[in-house]
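Each remark here refers to the structure printed beneath this line.
All figures in this text were calculated on a predicted structure; none of them were measured in a lab.
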Number of protein chains: 2
Amino acid sequence: MAHRAHIIACAERIFAEHGFAGATMSRIAEAAALPKANLHYYFGTKVLLYRAVLENILTLWLDDMDPITPEADPAAALAAYIAAKMAHSRNRPHASKVFAAELLHGAPELGTYLRLDLRRKVAEKSAVIEGWIARRLIAPVEPRHLFFTIWAMTQTYADFDTQMAAVLGIDKLDAGDYATGTETVIRLVLRGLGIAPAGETEVSDIMTQQRRTA
Amino acid sequence: MAHRAHIIACAERIFAEHGFAGATMSRIAEAAALPKANLHYYFGTKVLLYRAVLENILTLWLDDMDPITPEADPAAALAAYIAAKMAHSRNRPHASKVFAAELLHGAPELGTYLRLDLRRKVAEKSAVIEGWIARRLIAPVEPRHLFFTIWAMTQTYADFDTQMAAVLGIDKLDAGDYATGTETVIRLVLRGLGIAPAGETEVSDIMTQQRRTA
DNA sequence: GTCTATATGACGATAGAC
DNA sequence: GTCTATCGTCATATAGAC
């Protein structure tokens with residue numbers, strides 16, 4: 001139903017801005033231009049609405065890892081993964097913030113998802129990384145910690161955009177800031193894994209390719 | 001006064017676990033083993049107590065950057081900075097989480113600090129990085145984005161420890177996990193900047209040195 | 001300074017008309 | 001399905017005894 005999707009989109013923003021407890025049903029209703037009672041008609045309780053927002057977000061997250069396969073070129077696959085995560089940070093910053101706040105507070109609603117779905121996916125993709133290491137395609141690294149650092153570097157462009165804008169002395173990050181961030185992260189990771197040349201050409205090529213497929 | 005410090009320490013944990021709105025004065029009072037009214041006697045309002053917690057945290061943050069000076073060896077200085085940030089993530093996870101939640105929600109209480117103190121400090125240290133690049137000591141990088149990624153990678157070990165434990169299939173991160181994280185981040189950054197050898201000896205040396213000075 | 005008891009207001013949720 | 005009016009609960013904050 002279109003109404004549910006509209007309420008979820010508005011609730012995502014309010015939850016991102018105020019946190020679960022700080023968001024109120026009447027503020028969400030106001031954002032959605034609906035009476036408060038309608039939210040309860042569609043979702044029952046505040047917690048159930050919050051869960052609907054989280055589930056809506058999760059569908060985005062896992063699929064980003066798909067380019068990481070044993071046959072793929074490590075540099076291209078990792079660059080594509082980083083670029084996809086950065087694109088989400090730019091296009092769905094509220095989603096990233098809701099997810100971050102949920103993790104910060106111990107993942108009360110998402111614990112099971114983390115221990116089952118996410119853990120399985122990371123185990124699978126870590127095996128791919130281990131294979132690349134064994135074949136000497138990339139330098140040795142603990143694969144799960146590699147994922148932790150990639151998630152951190154990419155999601156920080158959504159979660160902590162306020163801090164970045166303050167440090168950069170601007171009101172809001174623009175397209176150029178996200179491009180610089182994407183290049184910075186890709187270069188750190190690829191050179192950190194010993195799979196980027198000293199020159200800058202190759203990373204720029206990957207960036208261009210990413211922009212075409214986005 | 002000792003009472004104030006004790007209340008701030010307990011409040012830090014409750015704010016970290018539940019967020020600003022989700023934390024209640026009575027829960028903080030319970031954690032501090034004091035009647036609720038005493039909190040208001042010492043801090044006036046919930047917002048003022050929250051500000052006291054934040055200010056207490058800020059004193060920790062900025063000083064970590066001090067090893068980054070023009071004369072320092074880039075590899076040693078950056079490794080020391082990363083190790084210091086990782087140590088804070090391990091020893092003061094609640095502080096990191098309170099700070100992260102404040103940023104997530106747009107830094108309503110900390111906006112001025114970010115635009116003045118933090119911005120000035122980052123500008124100063126970015127000039128050091130630019131100097132290293134000009135002298136060909138490290139590969140070119142946008143210095144402020146380098147800081148963004150280092151903050152992200154180190155603070156994620158405090159902020160998202162729940163997610164890491166779930167992915168690793170353990171209850172809680174232990175000393176070995178933080179050590180692996182520190183080595184992973186240091187290697188990514190140093191090799192990403194072209195200042196670490198292919199072998200693993202040098203990073204291990206820095207780790208050992210860090211442990212001695214910690 | 002410390003505590004109990006309470007005033008005041010806002011929140012989530014629902015009843016019930018349309 | 002949609003909305004207005006309202007109930008019960010729990011939060012912050014304070015009054016006032018000790």
Side-chain angles (χ1 to χ4, degrees), chain A residues 1-57 94 97-99 101-102 104-111, chain B residues 1-57 94 97-98 101-102 104-110:
Chain A
M1 178 133 348
H3 278 199
R4 276 182 62 98
H6 175 241
I7 294 170
I8 286 175
C10 296
E12 181 182 285
R13 202 188 84 232
I14 303 300
F15 281 130
E17 287 170 356
H18 302 94
F20 172 76
T24 66
M25 292 300 271
S26 62
R27 223 192 280 251
I28 296 170
E30 190 189 359
L34 284 172
K36 200 174 55 166
N38 290 30
L39 274 54
H40 284 103
Y41 172 76
Y42 281 108
F43 294 94
T45 70
K46 185 184 177 184
V47 169
L48 290 172
L49 170 56
Y50 177 66
R51 286 211 198 118
V53 169
L54 280 177
E55 280 160 27
N56 188 257
I57 293 168
H94 301 315
K97 287 179 179 184
V98 173
F99 188 75
E102 166 71 8
L104 268 186
H105 302 141
E109 304 295 334
L110 268 164
Chain B
M1 174 125 2
H3 278 200
R4 276 182 62 99
H6 174 241
I7 293 169
I8 286 175
C10 296
E12 181 182 287
R13 202 189 83 232
I14 304 299
F15 282 130
E17 287 170 355
H18 302 94
F20 173 76
T24 67
M25 293 298 271
S26 63
R27 222 193 278 251
I28 296 170
E30 189 188 358
L34 283 172
K36 202 175 50 169
N38 292 30
L39 274 53
H40 284 101
Y41 173 77
Y42 281 107
F43 295 93
T45 69
K46 184 184 176 183
V47 169
L48 290 173
L49 170 56
Y50 177 66
R51 286 210 197 118
V53 169
L54 281 177
E55 280 161 26
N56 188 257
I57 293 168
H94 301 315
K97 287 180 179 184
V98 173
E102 167 71 8
L104 269 185
H105 302 141
E109 305 295 333
L110 242 78

*Rounded to the nearest 0.5 Å, how far does CZ of A:R51 lie from CD1 of A:I8?*
13.5 Å
_Tell me which pairs pass side-chain hydrogen bond (donor to acceptor under 3.5 Å, both in side chains) where either residue lies in residues 33-45 of chain A, with sequence neighbours left out._
A:H3-A:Y42
*If you look at every heavy atom in A:E17 and B:H105, which pair is closest and at what distance?*
O-CB, 3.2 Å
*B:C10 to B:A32 - nearest heavy-atom pair and separation*: SG-CA, 3.7 Å
*If you measure from CG on B:L49 to CZ on B:F20, what distance do you get to the nearest 0.5 Å?*
9.0 Å
*Could you state the interatomic distance from CD1 (A:I7) to CG (A:L34), rounded to the nearest 0.5 Å?*
5.5 Å
*Just jot down the ring-ring contact (aromatic ring centres under 6.0 Å, His included) partners of B:F43, sequence neighbours excluded, or say none.*
none
*Hey, could you give me the CG/CZ distance between B:L39 and B:R4, rounded to the nearest 0.5 Å?*
11.0 Å
*Check DNA chain C against residues 32-42 of chain A and give the residues with a non-hydrogen atom under 4.0 Å, in numerical order.*
A:K36, A:A37, A:H40
*Kindly compute the distance separating CD1 (A:I57) from NZ (A:K97), expressed to the nearest 0.5 Å.*
12.5 Å
_Nucleotide D:dT14, atom P - distance to CZ of B:F43 in whole Å_ = 16 Å
*Write down the distance between CG (B:L48) and P (D:dT14), rounded to a whole number of angstrom.*
11 Å
*Within residues 6-16 of chain A: residues closer than 4.0 Å to DNA chain C (heavy atoms)*: none
_Rounded interatomic separation in angstrom, taking NZ from B:K46 and P from D:dT14_ = 15 Å
*Could you tell me which non-hydrogen atom of B:L104 sits nearest to which non-hydrogen atom of A:A101, and how far apart they are?*
CD1-N, 3.7 Å
_To the nearest 0.5 Å, what is the distance between CE on B:M25 and CD on B:E30?_
14.0 Å
_Please classify the nucleic acid contact of A:A23 as base, sugar-phosphate, or nothing, using heavy-atom distances under 4.0 Å._
sugar-phosphate
*To the nearest 10 degrees, how far apart in direction are the end axes of the helix from C:dG1-D:dC18 to C:dC18-D:dG1, each fit to five base pairs?*
0°
*Which nucleotide span of DNA chain C, 5' end to 3' end, has atoms closer than 4.0 Å to non-hydrogen atoms of chain A?*
C:dC11 to C:dT14
*Side-chain (A:E109) to main-chain (A:E102) donor-acceptor, under 3.5 angstrom*: no
*Report yes or no: is the cationic atom of B:K46 (NZ for Lys, CZ for Arg) closer than 6.0 Å to the six-membered ring centre of B:F15, at no more than 45° off its axis?*
no
